[in-house]
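Here's the structure we're looking at; comments come further down.
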Amino acid sequence: RKEVEQDPGPFNVPEGATVAFNCTYSNSASQSFFWYRQDCRKEPKLLMSVYSSGNEDGRFTAQLNRASQYISLLIRDSKLSDSATYLCVVRLGGGYQKVTFGIGTKLQVIP
Amino acid sequence: NAGVTQTPKFRVLKTGQSMTLLCAQDMNHEYMYWYRQDPGMGLRLIHYSVGEGTTAKGEVPDGYNVSRLKKQNFLLGLESAAPSQTSVYFCASRGSSDTEAFFGQGTRLTVV
């Protein structure tokens with residue numbers, strides 16, 4: 001089983017739609033969770049951290065379910081500019097601790 | 001705002017040639033990383049450094065060497081390039097108390 005698993009997609013959604021991605025992780029000792037965004041042929045950039053209580057940043061909502069070992073990203077009112085690959089990132093702990101990236105989920109928002 | 005700068009951005013090598021990729025960061029970060037990204041594989045850690053003068057192996061270190069003689073620079077070397085090393089290479093850095101890692105723009109390497 002992969003340490004971090006994501007559906008690679010692509011998810012093709014119309015503008016204005018709500019879309020959700022899930023990511024599962026295998027190591028129950030994982031402590032930190034993030035979503036990164038990567039545009040085509042560009043470097044990954046932090047979208048948001050994921051907190052235990054769930055957190056929201058504008059149209060983006062991230063949630064963590066420790067019992068089932070998955071995190072989710074919800075995007076409301078999708079924009080064309082949201083088209084990108086979304087990487088799930090899991091870290092074991094603070095300082096230097098092992099960081100594992102998922103393969104990413106590709107989102108294409110269609111006019 | 002330079003952030004993390006990688007050079008070169010593109011390179012084509014012949015099998016057996018050597019080269020060095022340079023990563024430079026101006027954020028006084030302790031941690032620096034080299035990843036490779038291949039289709040369907042995600043980002044995989046090659047080597048990392050937790051401070052000046054220190055390096056350690058990551059997930060896929062074979063065929064690569066690294067050095068961190070100065071805090072701001074992290075070099076990745078390929079001694080004898082192989083076609084399997086065709087990939088996009090990303091450098092990243094992070095402060096010891098930070099959650100966010102900052103990535104360079106990537107180096108697209110093709111080994112023929």
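Everything numeric here is computed off the predicted structure, so don't read it as measured data. In what follows, chains carry the letters A, B, and so on, assigned in the order in which the sequence lines appear, proteins first and then strands, with residues in each chain numbered from 1.
Side chains of B/Q6 and A/E43: no donor on one and acceptor on the other come within 3.5 Å.
For the side chain to side chain contact (heavy atoms under 4.5 Å, CB included) test, residues two or more places apart in sequence or in another chain that qualify with A/S68 are A/N65, A/Y70.
A single hydrophobic cluster is not seen to contain both A/Y36 and A/V19; linkage of ILVMFWY side chains at heavy-atom distances under 4.5 Å, directly or through other members, places them apart. B/L76 and B/Y35 end up in different hydrophobic clusters when Ile, Leu, Val, Met, Phe, Trp and Tyr side chains are linked at under 4.5 Å. Hydrophobic cluster membership differs between A/I103 and A/V4, with clusters built from Ile, Leu, Val, Met, Phe, Trp and Tyr side chains linked at under 4.5 angstrom. Linking Ile, Leu, Val, Met, Phe, Trp and Tyr whenever their side-chain heavy atoms come within less than 4.5 Å leaves A/V90 and A/L87 in two separate clusters. In terms of hydrophobic clustering, with Ile, Leu, Val, Met, Phe, Trp and Tyr side chains grouped at heavy-atom distances under 4.5 Å, A/V13 and A/L80 are assigned to a common cluster.
Counting heavy-atom neighbours within 6.0 Å of B/E79 CD, excluding the residue itself, gives a total of 12 or less.
Interface residue B/Q37: only side-chain heavy atoms are found under 4.5 Å from chain A. For A/Q38, the part lying under 4.5 angstrom from a heavy atom of chain B is the side chain only.
Separating the CG atom in B/L43 from the OG1 atom in A/T100 is a distance of 11.0 Å, to the nearest 0.5 Å.
Contact annotation for residues 44-59 of chain A against chain B (heavy-atom separation below 4.5 Å, listed by residue number): A/P44, A/L46, A/S49. Against chain A, no residue from residues 55-63 of chain B qualifies, as none has a non-hydrogen atom under 4.5 angstrom away. Close approach to chain A, defined as a heavy atom under 4.5 Å from one of its heavy atoms, is seen in B/F103, B/G104, B/Q105, B/R108 of residues 102-112 of chain B, taken by number.
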